[in-house]
Amino acid sequence: MNTEVVRLEDVWVYYDNNPALEGVNLSIEDGDFLGIIGPNGGGKSTLLKVILGLIRPVRGKVSVFGLPPEKGRTRIGYVPQSALFDRNFPISVFEVVLMGRLGRLFHGFSKEDKAEAEVALNKVEMSDFKDRGIDELSGGELQRVLVARALATRPGLLLLDEPTSNVDLPTQRSFYELLGELKKEAAIVLVSHDISAVSVYVDKIACLNRQLFYHGSKEISPEIIDMTYGCPVDLIAHGASHRVLKEHR
Amino acid sequence: MAIFQYAFMRHAMEAGLLVSIACGIIGSYVVVKKMAFMAGGVAHISFGGIGLGYFLGFNPLLTAMAFTTASAIGIGFSTKKSRLSEDTLVGVFWASGMALGALFIALTPGYPPDLFSYLFGDILAVSPTDLILMLVIDVVIVLAVSLLYKELLAVAFDEEFAQVRGVPAGALYLLLLALIAFTVIALIRAVGIILVIALLTIPAAMARQYVRSLKGMMVLSTVFGALFIFAGLFLSYVINLNYGVRLSSGATIVLLGALSFFITGAIKNSRRRSGAISRPGTP
């Protein structure tokens with residue numbers, strides 16, 4: 001049996017009086033490559049923050065590597081949305097990746113930290129960009145740098161928030177191929193509103209719209225269609241957003 | 001030159017050097033973390049502390065230091081604990097600080113103090129005690145920033161990631177607010193409460209155009225800050241001497257800084273448009 005990486009039991013989160021997550025149950029195991037899809041405002045970011053221990057649920061139990069999230073989260077490699085970063089921030093690629101080695105106050109980064117950062121950059125094929133400023137990177141390149149930063153933490157779980165927003169299709173494809181390689185090292189969970197991109201590459205899919213519909217596995221076409229009927233999803237096609245699927249009952 | 005023979009001029013130069021270190025380092029954080037409104041608020045809040053000093057018969061800069069630091073941390077704390085936005089809280093604290101200052105001064109018996117020098121600065125009136133205070137503030141800032149450089153960089157760049165890595169992001173943010181308050185106190189003598197925000201933004205924003213690391217920004221903006229202060233001091237002195245116009249040194253410093261900011265910005269912009277600066281990697 002695979003070891004459990006993350007476990008959520010009956011997790012409820014409210015913003016003011018509006019529920020953001022309603023009774024979410026989720027179990028992520030070692031070796032999983034899970035895509036969580038759902039509409040904007042469906043609680044995807046909230047779910048990530050609960051796993052990261054940044055938001056405490058009003059009800060329910062969260063454990064990360066068998067620990068409370070505030071403790072277990074150091075083993076999570078978190079990859080935030082690249083589009084949210086201030087590209088004018090004066091920082092080099094290498095400095096960003098080194099942040100994955102943070103942990104000891106009042107100490108500089110050690111030789112091992114720097115070596116670890118180099119290895120991580122190499123894995124995402126961004127070693128040549130080491131000394132560039134982040135204002136010199138394309139969206140896809142910054143995305144890889146953020147993955148390298150997460151890898152530098154030596155994670156047991158990679159958690160990615162909307163990894164392919166603002167990235168063109170060929171870049172998306174090579175990015176998912178990279179994730180396909182990385183799943184040998186760590187469990188991967190990514191959230192996205194873009195079902196078309198996610199469904200091809202991940203092994204399992206869950207749908208989130210305040211409630212989580214976890215189908216355990218990903219079967220090809222008819223099953224996916226069937227499943228997506230189960231929950232409302234924004235399908236992004238040709239840059240326009242259409243609600244093409246029925247509301248969940 | 002003759003002007004350097006005066007003790008007040010030497011003190012002013014020394015003060016200029018000391019405050020440019022504080023504003024170079026902390027101004028860089030203010031610019032990259034987009035905290036100009038917060039810094040402006042903290043500067044104005046200090047007026048309450050100045051008034052308190054007069055009211056209690058204490059050194060106004062010392063009471064202002066305690067009052068401003070407590071208020072800055074108060075804003076940071078209230079933002080985390082309440083649902084109000086930081087922006088709103090800064091606005092409330094900003095005005096309340098100024099109003100409290102006015103109240104304390106009205107309650108102080110005797111002649112009202114020379115408020116103009118606190119509002120617009122009077123670097124020529126810097127005393128040896130002020131210099132010691134500035135030096136202490138510089139030492140605290142340099143120590144804090146060199147010990148916690150990588151953590152402060154991480155919090156400024158990506159607070160959530162830093163927190164997930166076990167960096168005490170909340171506490172470091174409060175520390176940064178306290179350091180901003182200290183810097184404000186160091187700068188009041190030089191450019192005054194109202195103009196502090198200029199030295200916390202202009203040198204750092206200009207430096208960003210020429211360097212690509214936060215460290216580089218800190219060093220270069222310290223140099224820019226010192227240049228503006230020296231040049232402004234000299235210019236206001238010369239104008240006063242030759243034309244009899246008593247131009248405030250603080251205003252001269254700020255105007256010189258703003259002028260350099262716009263000129264260098266325009267030059268960079270026109271070069272970028274003509275393609276002289278290429279950005280490798282960007283399509």
Side-chain angles (χ1 to χ4, degrees), chain A residues 15-16 45 48-49 51-54 69-71 73-80 84-96 98-109 113 126 128-129 131-142 146 149-150 152-153 155 159 161 168, chain B residues 27-35 80 82-83 143-172 175 204-221 268 272 277-283:
Chain A
Y15 292 129
D16 295 316
S45 297
L48 290 191
K49 285 179 182 174
I51 295 173
L52 289 166
L54 298 170
E70 294 81 13
K71 294 227 173 71
R73 66 185 176 193
T74 49
R75 294 191 56 198
I76 300 178
Y78 176 42
V79 184
L84 300 180
F85 281 85
D86 171 17
R87 300 296 287 276
N88 198 34
F89 199 101
I91 193 167
S92 72
V93 165
F94 196 59
E95 283 178 298
V96 172
L98 270 175
M99 276 178 201
R101 305 302 306 166
L102 283 169
R104 287 164 72 215
L105 287 176
F106 308 116
H107 283 82
F109 289 115
D113 291 334
M126 288 292 290
D128 294 344
F129 293 71
D131 297 318
R132 297 253 180 109
I134 60 160
D135 53 349
E136 297 169 309
L137 303 181
S138 70
E141 287 161 354
L142 178 59
L146 294 176
R149 178 178 72 163
T153 67
L159 213 53
D161 193 358
D168 59 37
Chain B
S28 297
Y29 286 114
V30 168
V31 167
V32 300
K33 209 164 158 38
K34 302 190 172 64
M35 297 171 78
K80 300 272 175 213
S82 74
R83 288 208 191 87
L143 264 180
V145 168
S146 49
L147 282 174
L148 294 164
Y149 181 80
K150 67 190 203 309
E151 285 78 14
L152 286 170
L153 177 70
V155 170
F157 181 68
D158 185 351
E159 193 166 340
E160 280 187 347
F161 186 88
Q163 206 175 338
V164 171
R165 293 310 315 146
V167 173
L172 285 177
L175 173 71
M206 266 178 68
R208 174 64 187 110
Q209 299 175 356
Y210 304 99
V211 297
R212 28 207 317 204
S213 73
L214 186 63
K215 244 177 225 167
M217 225 173 129
M218 290 172 174
V219 172
L220 190 59
S221 60
K268 271 269 169 182
R272 192 168 295 151
I277 295 169
S278 68
R279 293 190 154 197
T282 328

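A note on names: the letters A, B, ... follow the listed sequences, proteins ahead of strands, and every chain is numbered from 1.
- Side-chain contact check for B:Arg212 versus A:Ile91: every heavy-atom pair is 4.5 Å or farther apart.
- With chain A as the partner, the residue from B:Lys34, B:Lys215, B:Gln163, B:Met217 showing the most heavy-atom pairs under 4.5 Å is B:Gln163.
- Salt bridge absent: A:Asp113 and B:Lys150 never bring a charged side-chain N and a carboxylate O closer than 4.0 Å.
- Of the listed residues B:Val31, B:Val164, B:Leu214, the one with more heavy-atom pairs under 4.5 angstrom with chain A than any other is B:Val164.
- Top candidate by heavy-atom pairs under 4.5 Å with chain B, chosen from A:Lys71, A:Arg75, A:Lys49, is A:Lys49.
- Using a 4.5 Å cut-off between heavy atoms, A:Leu102 contacts chain B through both its backbone and its side chain.
- Heavy atoms of B:Leu147 lying under 4.5 Å from chain A belong to its backbone as well as its side chain.
- Heavy atoms of A:Asp131 lying under 4.5 Å from chain B belong exclusively to its backbone.
- Heavy atoms closer than 4.5 Å to chain A are found in both the backbone and the side chain of B:Arg165.
- Ranked by heavy-atom pairs shorter than 4.5 Å toward chain B, the options A:Ile76, A:Val96, A:Ile134, A:Asp16 are led by A:Asp16.
- The contact between B:Val167 and chain A is made entirely by side chain atoms (from C-beta outward), counting heavy-atom distances below 4.5 Å.
- A:Arg104 CZ: 12 or fewer foreign heavy atoms inside a 6.0 Å radius.
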> Can you check salt bridge (Lys or Arg N to Asp or Glu O under 4.0 Å) on A:Asp135 and B:Arg208, steps first, answer last?
Replying inline: CA-CA 12 Å; A:Asp135 53 349; B:Arg208 174 64 187 110; 3.5 Å; yes

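- In terms of heavy-atom pairs under 4.5 angstrom with chain B, the leader among A:Gly133, A:Gly100, A:Pro80, A:Ala150 is A:Gly100.
- In this structure B:Phe157 satisfies the ring-ring contact (aromatic ring centres under 6.0 Å, His included) test together with A:Phe85, A:Phe89, sequence neighbours excluded.
- Ionic pairing of A:Arg149 and B:Asp158 is present here: one or more N-O contacts between side-chain nitrogen and carboxylate oxygen are shorter than 4.0 angstrom.
- In this structure, the side-chain contact (heavy atoms from CB on, under 4.5 Å) partners of A:Ser92, at least two apart in sequence or on a different chain, are A:Phe94, A:Glu95.
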